[in-house]
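Have a look at the structure below before the remarks.
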Protein chains: 4
Amino acid sequence: MLMEINFEIDKPIYRQLVEQIIAGIARKDLLPGERLPSVRNMAEDLGINMHTVNKAYQELRDRGFILIHRQRGVVIHPSGAPKADENYIAILKEQLHPLLAESVARNLSKTDFEKLVQQIYDHYEQKEGE
Amino acid sequence: MLMEINFEIDKPIYRQLVEQIIAGIARKDLLPGERLPSVRNMAEDLGINMHTVNKAYQELRDRGFILIHRQRGVVIHPSGAPKADENYIAILKEQLHPLLAESVARNLSKTDFEKLVQQIYDHYEQKEGE
Amino acid sequence: MLMEINFEIDKPIYRQLVEQIIAGIARKDLLPGERLPSVRNMAEDLGINMHTVNKAYQELRDRGFILIHRQRGVVIHPSGAPKADENYIAILKEQLHPLLAESVARNLSKTDFEKLVQQIYDHYEQKEGE
Amino acid sequence: MLMEINFEIDKPIYRQLVEQIIAGIARKDLLPGERLPSVRNMAEDLGINMHTVNKAYQELRDRGFILIHRQRGVVIHPSGAPKADENYIAILKEQLHPLLAESVARNLSKTDFEKLVQQIYDHYEQKEGE
DNA sequence: GTGGTCTAGACCACA
DNA sequence: GTGGTCTAGACCACG
């Protein structure tokens, strides 16, 4: 799977990596049990430091998206991504709040907002019918 | 309007301030032309540094939410909040992407996601019928 | 509070630090809200690297023992240490298992084992009567 | 005796093996003089590397739990497991310290802790009355 | 001055 | 060859 880092924006590299791997899981480009490159390989591929990749992997492990075997490397969690529990919903709501507040302030209609959501959902679930 | 700063979360204080003022505009607690406390007063009220308030005000001005007059102080932009132009939509999409990716990965249905959106919209538009 | 690192044993430094801070909380040497040295100061005091201290602090934060403010530094969690929930009990049991297995194999009586537990409990709760 | 390796947790495989054999001795599933599979067989059964089994056996021999004869293979030490001498007690205390510290910090009562100990003791001494 | 991020390079345990 | 740990030193955001 192709990972792309944008060095211009101020989003931390390890954060971009975390998001892209989760996006890969969402798009089913990365399947349960599938292997990810070793920290060193991934770092070399992206032209970044090993530790930066490691930080991303650690976070993904802590959040239940991947497993890290000391020897066998890193794999997408075989039992699939963690489910959307109450805890996650609460965090998600907190993240949505400021986005929606600004949309309301700018007079973006709920319909238009939901169109956006629809578009992005489609982007991730494009393989649904396969 | 009551501002509340949470010093325990890691979101920067100036960021919390920006978001709360935009939320105030969305909820129509802050109306076009309404005066905001001076940098000095706001800082005192919240027990934070003047520079922090200033940073928040600068950002709100740059984004078109407020006007800063040397004499008349700080006011909510009289012509209302900026509209949701293409540029804003693009930024919004970028912010939504990682949130939706994780939701899809975690198998949260679009319906459930939209319920969340509905809830938050209601929270900001509660005064609609008044 | 005095922290002591043993460079001879193979227990990672950051791990020793985590344990000593938890021990400090148990002994009430570190009270809720109390400040810990900055990563740099702690590192200098112990003659170790900043990042090692940071790794310990991160873990303590993730486990709910401390709060990290970007500017105000690090404090023992004001609401006290997290409680012993089911999750913790499960982990504790898993950690006790091999210890008890070996004790049983070596014919250490349960009474003797409990004497040990008693001793150590006393060590941590010595201030109870104050 | 059934050995089970968990490849997903981060405890080294050889360590899991050591602990399971000691647990087997504690439960009297493995009796003094009883033969253990050869390094080669054990490795094959578990689908792990010979070196890993060897490392586990070496440690068990060094700690007095098994004997390794060139001819007769590997046997549980005929004179039974080593006793709980001062040296062992000291090590045990060191291992218990951090566990108890966290329990105290988390406000787990000594009674509750001892209930846990009781449960685990029972688990290993279940055959006592047979 | 505080923690957050990133880099570079090293040694070790595990398998 | 894999991740884990540690060091050294740098720049940045925040307040």
Side-chain angles (χ1 to χ4, degrees), chain A residues 5 7 10-18 35-44 46-59 61 66-75, chain B residues 5 7 9-17 43 46-56 59, chain C residues 5 7 10-18 35-44 46-59 61 66-75, chain D residues 5 7 9-17 43 46-56 59:
Chain A
I5 300 300
F7 295 93
D10 69 348
K11 192 179 295 202
I13 296 174
Y14 84 94
R15 195 113 287 288
Q16 294 185 45
L17 206 43
V18 166
R35 217 168 158 246
L36 287 176
S38 74
V39 282
R40 284 172 179 78
N41 282 343
M42 178 70 96
E44 208 176 338
L46 297 174
I48 61 178
N49 192 281
M50 190 193 85
H51 294 107
T52 307
V53 176
N54 197 46
K55 187 163 187 176
Y57 279 3
Q58 293 296 330
E59 177 172 333
R61 187 201 55 183
I66 66 174
L67 287 180
I68 301 178
H69 296 87
R70 265 168 193 261
Q71 319 317 330
R72 298 197 285 156
V74 179
V75 297
Chain B
I5 301 300
F7 294 94
I9 60 177
D10 69 351
K11 192 179 295 204
I13 295 172
Y14 86 94
R15 199 105 283 287
Q16 293 185 46
L17 211 42
L46 297 174
I48 62 179
N49 196 299
M50 268 177 46
H51 299 331
T52 308
V53 178
N54 199 47
K55 187 163 186 174
E59 177 171 332
Chain C
I5 301 300
F7 295 93
D10 68 349
K11 192 180 294 203
I13 296 175
Y14 84 93
R15 195 114 286 289
Q16 294 185 46
L17 206 44
V18 166
R35 216 167 158 247
L36 287 175
S38 75
V39 282
R40 283 172 179 78
N41 282 344
M42 178 70 95
E44 206 176 339
L46 298 175
I48 62 178
N49 191 282
M50 192 193 83
H51 294 108
T52 307
V53 176
N54 197 44
K55 187 163 187 175
Y57 280 2
Q58 292 296 332
E59 178 172 334
R61 188 202 54 183
I66 66 174
L67 287 179
I68 302 179
H69 297 85
R70 266 168 194 260
Q71 320 317 331
R72 298 197 284 157
V74 179
V75 296
Chain D
I5 301 299
F7 293 94
I9 60 177
D10 69 350
K11 192 180 296 206
I13 295 173
Y14 86 94
R15 199 104 284 284
Q16 294 186 44
L17 211 43
L46 297 174
I48 61 179
N49 197 297
M50 268 178 45
H51 299 331
T52 308
V53 177
N54 200 47
K55 186 162 186 175
E59 178 170 331

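Heavy atoms only: backbone and side chains are in, while hydrogens, waters and symmetry mates are out.
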Below 4.0 angstrom from OP1 or OP2 of [N], is there any side-chain N or O of [X]?
X	N	result
A/Lys55	E/dT5	yes
C/Gln58	E/dG4	yes
A/Thr52	E/dT7	yes

- Which one, E/dC14, E/dG4, F/dA8, comes nearest to the side chain of C/Arg61?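 Among the listed nucleotides, the one closest to the side chain of C/Arg61 is E/dG4.
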
- Message: Quiz question: going by heavy-atom distance under 3.5 Å, is there a donor-acceptor pair between the base of E/dC6 and the side chain of C/His51?
- Response: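 By the distance-only test, yes, there is a pair.
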
- Query: Has the side chain of C/Gln71 got a donor or acceptor that lies under 3.5 Å from a partner of the other kind on the base of E/dG3?
  - Reply: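 Between E/dG3 and C/Gln71, which were checked side chain against base, a qualifying N/O pair under 3.5 Å is absent.
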
Could you give the [atom1]-to-[atom2] distance, from [X] to [N], as a whole number of Å?
X	N	atom1	atom2	result
C/Met42	E/dG3	CE	P	10 Å
A/His69	E/dA13	NE2	C1'	17 Å
C/Leu36	E/dT2	CG	C1'	14 Å
B/Glu59	F/dC14	CD	P	10 Å
A/Arg70	E/dA15	CZ	C1'	11 Å
C/Asn49	E/dG3	CG	P	14 Å
B/Lys11	F/dG15	NZ	C1'	18 Å
D/Asp10	E/dA15	CG	P	11 Å

- Map A/Ile48 and C/Ile68 onto DNA chain E by nearest heavy atom, then report which one ends up closer to the 5' terminus.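 Nearest-nucleotide comparison on DNA chain E picks C/Ile68.
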
- Query: Between A/Arg40 and D/Tyr14, which has a closest nucleotide on DNA chain E that is more 5'?
  - Reply: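 The residue closer to the strand's 5' end, by nearest nucleotide, is A/Arg40.
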
Atom pair [atom1]/[atom2] of [X] and [Y] - distance to nearest 0.5 Å:
X	Y	atom1	atom2	value
B/Glu59	B/Lys55	CD	NZ	8.5 Å
C/Tyr14	C/Ile48	OH	CD1	12.5 Å
C/Arg40	C/Asn54	CZ	CG	9.0 Å
A/Arg61	A/Gln58	CZ	CD	4.5 Å

- Item | First encountered from the 5' end of DNA chain F, between B/Arg15 and C/Pro12 |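 Looking at the nearest nucleotide for each, C/Pro12 comes out on the 5' side.
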
- Message: Reading DNA chain F from 5' onward, which residue's closest nucleotide shows up sooner: C/Phe7 or A/Asn54?
- Response: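 Nearest-nucleotide comparison on DNA chain F picks A/Asn54.
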
- Query: In dot-bracket form, how is DNA chain F paired, counting a Watson-Crick or G-U wobble pair only if both its distances are under 3.5 Å and using | for bases paired to another strand?
  - Reply: ||||||||||||||.

Hey, are the side chains of [X] and [Y] touching, using non-hydrogen atoms and a 4.5 Å cut-off?
X	Y	value
B/Leu17	B/Leu46	yes
A/Met42	A/Val74	no
A/Arg72	A/Arg35	no

- Task: Select base, sugar-phosphate, or nothing to describe what C/Ile13 touches, counting heavy atoms under 4.0 Å on all strands.
- Result: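 Answer is sugar-phosphate: C/Ile13 comes under 4.0 Å of backbone atoms only.
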
- Least distance between heavy atoms, B/Asp10 atom then C/Arg70 atom: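 Minimum heavy-atom contact is O-NE, 3.8 Å.
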
